[in-house]
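Written out below as structure tokens is the structure these notes cover.
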Amino acid sequence: MDLSGFIVQILNGFAEASSLFLVAAGLSLIFGVTRIVNFAHGSLYMLGIYVAYSIVQELGNSAFGFWFSLLLAALAIGVLGALVEIVLLRRIYRAPELFQLLATFALVLIFRDAALFIWGPQDLLGPIAPGLDGSIKILGHYFPKYDLVLILIGPVVLGLLWLLLTRTRWGTLVRAATQDREMLGALGVNQAWLFTAVFALGAFLAALGGAVQIPRLPANLTLDLGVIGDAFVIVVVGGMGSIPGAYVAALIIAELKAMCIALGTVSLFGVEFDFPRLTLVVEFIFMALVLVFRPWGLFGKEASVSRNSAPIEAPYRPATAPFKWFIAVVIAAVAALPLMSEWLPYAPVLALDIMVAALFALSLHFIMGPGGMHSFGHAAYYGLGAYGAALLLKSAAFSMGWSMAIAPIIAGFGALIFGWFCVRLAGVYLAMLTLAFGQIVWSVIYQWDSFTGGSNGMIGIWPAEWLSGDAYYYFAFAIVIISAIVLRRLLFSPFGYALRAARDSGLRADALGINVKRVQLVAFVIAGVFAGLAGVLYVFSKGSASPEIIWVGKSVDGLVMVLLGGIQTLIGPIVGAATFQFLQDYFMGITDYWLALFGGVILLIVLVFPQGVAGYFKEFFDYRAAKRNQALAASKE
């Protein structure tokens with residue numbers, strides 16, 4: 001491409017940066033004040049496009065009507081954001097941060113089905129702004145007039161936000177809240193309404209970022225998860241809570257994508273590099289590099305410890321005799337399901353799906369619960385196991401047994417490489433780096449058509465004849481039970497105690513002679529191996545592998561399973577996986593809007609059982625046992 005074409009692509013990057021900045025700025029504000037990682041922020045962006053489309057159809061015949069419609073749509077979503085904060089989020093500010101994430105994920109499901117109900121499944125493209133149709137000629141290339149306006153919107157909004165945050169009393173309170181919310185409350189400031197106002201402003205900015213896209217981007221139901229990844233990347237790269245950092249990061253990432261498109265296919269030393277393919281993953285590569293060398297982002301500061309986090313978790317204790325009997329009964333019931341297939345033909349299929357999901361959730365819980373390391377990219381190891389087995393079987397002509405044995409090791413090796421970088425970070429920065437590595441793995445598998453099948457995936461990966469039918473069911477059942485026992489034994493071993501010590505206080509653990517980073521890295525590898533084993537069981541049960549099993553949505557499913565069951569108990573991931581798979585399967589069969597129904601149940605669980613389903617029953621039985629002991633002690637007196 002000539003220099004003039006390259007410059008035009010740079011201008012395209014400036015236009016894209018403005019929209020990304022609007023979304024990321026809102027997310028950065030919300031996180032800076034409330035400390036909530038708002039997964040529903042992408043949904044607010046999506047709703048902004050849909051609402052703007054509807055209003056523009058009524059008012060957009062003139063330039064004033066068009067721009068007023070976009071502003072009105074953003075204001076409407078801002079009001080929606082305020083209602084969400086008042087009705088839902090205000091009730092869970094003192095819940096563990098991951099449960100707040102779970103609540104916002106439930107909103108994603110509800111908002112998506114609400115959009116499906118109101119606007120239908122079809123894509124909707126709005127009109128061009130009156131007076132801005134057509135293009136102008138720049139250096140011999142045509143450039144849309146509307147994109148020139150978008151280029152200006154970003155800096156204008158940045159300037160207005162800077163004035164709001166630095167020249168008004170409200171802005172001073174917001175900046176103070178990002179430093180120490182409790183002290184602000186002690187000074188008599190009404191934190192509740194401050195949080196509401198910040199959430200409303202963040203929702204307004206997200207919706208405005210979507211609304212200005214209606215001439216360029218059709219409204220569709222996949223925009224929520226598509227944009228939230230970019231928004232997370234920009235906020236983390238720029239630095240949590242930094243508005244100027246968000247703009248600089250948006251600019252860098254948008255320009256990186258634009259340059260990849262501008263470079264096209266380049267031949268270096270006889271090897272062709274298809275740079276446009278990198279647009280799917282270049283932002284995650286950049287984020288990974290930034291976090292490795294500057295862990296708090298370009299403009300960020302080390303996150304202060306939140307004082308509203310949940311109390312320190314109680315230590316794990318061995319199961320009681322009645323609970324062991326209960327587990328034995330459940331195992332016997334699951335083992336008997338194939339024998340009842342004549343009456344319950346679908347039960348073994350659902351049970352096998354639950355087993356695979358349970359092993360995946362157990363592997364994630366191993367680093368989340370005892371390790372205290374949150375992962376948004378755990379599906380990478382699940383996918384490495386699944387694709388590793390598929391490629392060994394189909395391409396390398398290995399037997400099924402060797403494929404099953406080697407694939408988890410491949411996943412563990414991937415966890416070793418990624419974990420070496422990840423254990424150097426903590427909190428949301430660690431979670432975002434895991435997301436980056438997960439997306440990099442997904443991009444490689446998605447685009448390597450000649451090796452992995454690309455977007456079409458791989459098919460025909462079935463177990464050997466001697467392991468088909470019910471035999472594979474019992475084989476997978478045995479693998480899951482053995483894996484659960486091994487993980488449990490590890491947690492009650494010296495290594496498990498060291499891992500929990502590193503979670504509770506890294507400084508004290510280090511003072512006791514524990515190599516904290518090494519322990520955490522080993523935990524990463526163990527979790528990766530068992531996640532890869534779950535992927536192996538999945539690919540031989542379904543006969544195929546596709547890139548969707550590595551997409552961020554699969555990692556989110558794992559998070560939901562762990563949190564639904566309860567992160568404080570060892571049985572929690574299994575209960576969460578069973579609850580997740582059963583509810584999802586049941587709701588899909590009774591309504592087209594099953595996502596909203598599923599999201600509503602998740603919200604109910606978050607509000608009623610903030611410790612998870614298994615965690616709630618554990619607390620209930622512990623309470624009953626304590627009451628019995630008190631009564632027994634009183635009777636002896």
request  = Go through the steps to decide whether Ser555 and Leu435 satisfy the test side-chain contact (heavy atoms from CB on, under 4.5 Å), and finish with yes or no.
outcome  = CA-CA 9 Å; Ser555 296; Leu435 172 65; over 6 Å; no
Rounded distance [0.5 Å steps], [atom1] in [X] versus [atom2] in [Y]:
X: Ile253; Y: Met287; atom1: CD1; atom2: CE; result: 8.5 Å
X: Gln447; Y: Ser455; atom1: CD; atom2: OG; result: 10.0 Å
X: Leu359; Y: Ile482; atom1: CG; atom2: CD1; result: 11.5 Å
X: Phe413; Y: Ile406; atom1: CZ; atom2: CD1; result: 14.5 Å
X: Tyr387; Y: Ile410; atom1: OH; atom2: CD1; result: 14.0 Å
X: Ile367; Y: Leu521; atom1: CD1; atom2: CG; result: 11.0 Å

request  = List the steps, then state whether side-chain contact (heavy atoms from CB on, under 4.5 Å) holds for Ile479 with Val536.
outcome  = CA-CA 11 Å; Ile479 291 293; Val536 171; over 6 Å; no
task = Scan residues 220-235 for pairs that pass salt bridge (charged side-chain N to carboxylate O under 4.0 Å, His left out), counting only residues two or more places apart or in two chains.
result =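 Counting only pairs at least two positions apart or across chains, the salt bridge (charged side-chain N to carboxylate O under 4.0 Å, His left out) contacts touching residues 220-235 are Arg112-Asp224, Asp230-Lys257.
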Using side-chain heavy atoms (C-beta onward) and a distance below 4.5 Å, is [X] in contact with [Y]?
X: Ile331; Y: Phe477; answer: yes
X: His378; Y: Ser363; answer: yes
X: Leu352; Y: Lys542; answer: no
X: Tyr586; Y: Trp594; answer: no
X: Leu256; Y: Glu283; answer: no
X: Ile228; Y: Tyr45; answer: no
X: Phe39; Y: Val556; answer: yes
X: Val516; Y: Val423; answer: no

Work out which heavy atom in [X] is nearest to a heavy atom in [Y]; give both atom names and the distance.
X: Ile36; Y: Ile30; answer: O-CG2, 4.2 Å
X: Ala531; Y: Tyr381; answer: CB-CB, 3.9 Å
X: Ala380; Y: Gly438; answer: CB-CA, 3.8 Å
X: Ala249; Y: Ile234; answer: CB-O, 3.4 Å
X: Gly385; Y: Ala411; answer: N-CB, 4.0 Å
X: Leu392; Y: Ala407; answer: CD1-N, 4.1 Å

task = Kindly determine whether Met368 and Leu559 satisfy side-chain contact (heavy atoms from CB on, under 4.5 Å), including the steps that lead there.
result = CA-CA 9 Å; Met368 280 182 59; Leu559 282 169; 3.5 Å; yes
Side-chain donor/acceptor of [X] to backbone N/O of [Y], under 3.5 Å:
X: Gln100; Y: Ile92; result: yes
X: Thr452; Y: Ile445; result: yes
X: His365; Y: Ile567; result: yes

inquiry  = For Tyr429 and Trp296, take the angle between the two ring planes, folded into 0 to 90°, and tell me which bin it lands in: parallel under 30, tilted 30 to 60, perpendicular over 60.
reply    =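 It falls in the perpendicular class, over 60°.
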inquiry  = Give me each pair satisfying side-chain hydrogen bond (donor to acceptor under 3.5 Å, both in side chains) with a member in residues 467-494, each pair once, sequence neighbours excluded.
reply    = none
Is [X] atom [atom1] crowded by more than 12 heavy atoms from other residues, nucleotides or ligands, each under 6.0 Å away?
X: Ile459; atom1: CD1; result: no
X: Phe293; atom1: CZ; result: no
X: Phe587; atom1: CZ; result: yes
X: Ile590; atom1: CD1; result: yes

query = Can you pull the ring pair (Phe, Tyr, Trp, His ring centres under 6.0 Å) pairs that have at least one residue in residues 550-571, sequence neighbours excluded?
reply = Trp442-Trp551
inquiry  = side-chain contact (heavy atoms from CB on, under 4.5 Å) for Tyr497 and Phe492? Distances and angles first, verdict last.
reply    = CA-CA 7 Å; Tyr497 289 117; Phe492 284 103; 3.9 Å; yes
key: Salt bridge present between Asp510 and Lys517 (N-O < 4.0 angstrom)   =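 A salt bridge is absent here (no side-chain N lies under 4.0 Å from a carboxylate O).
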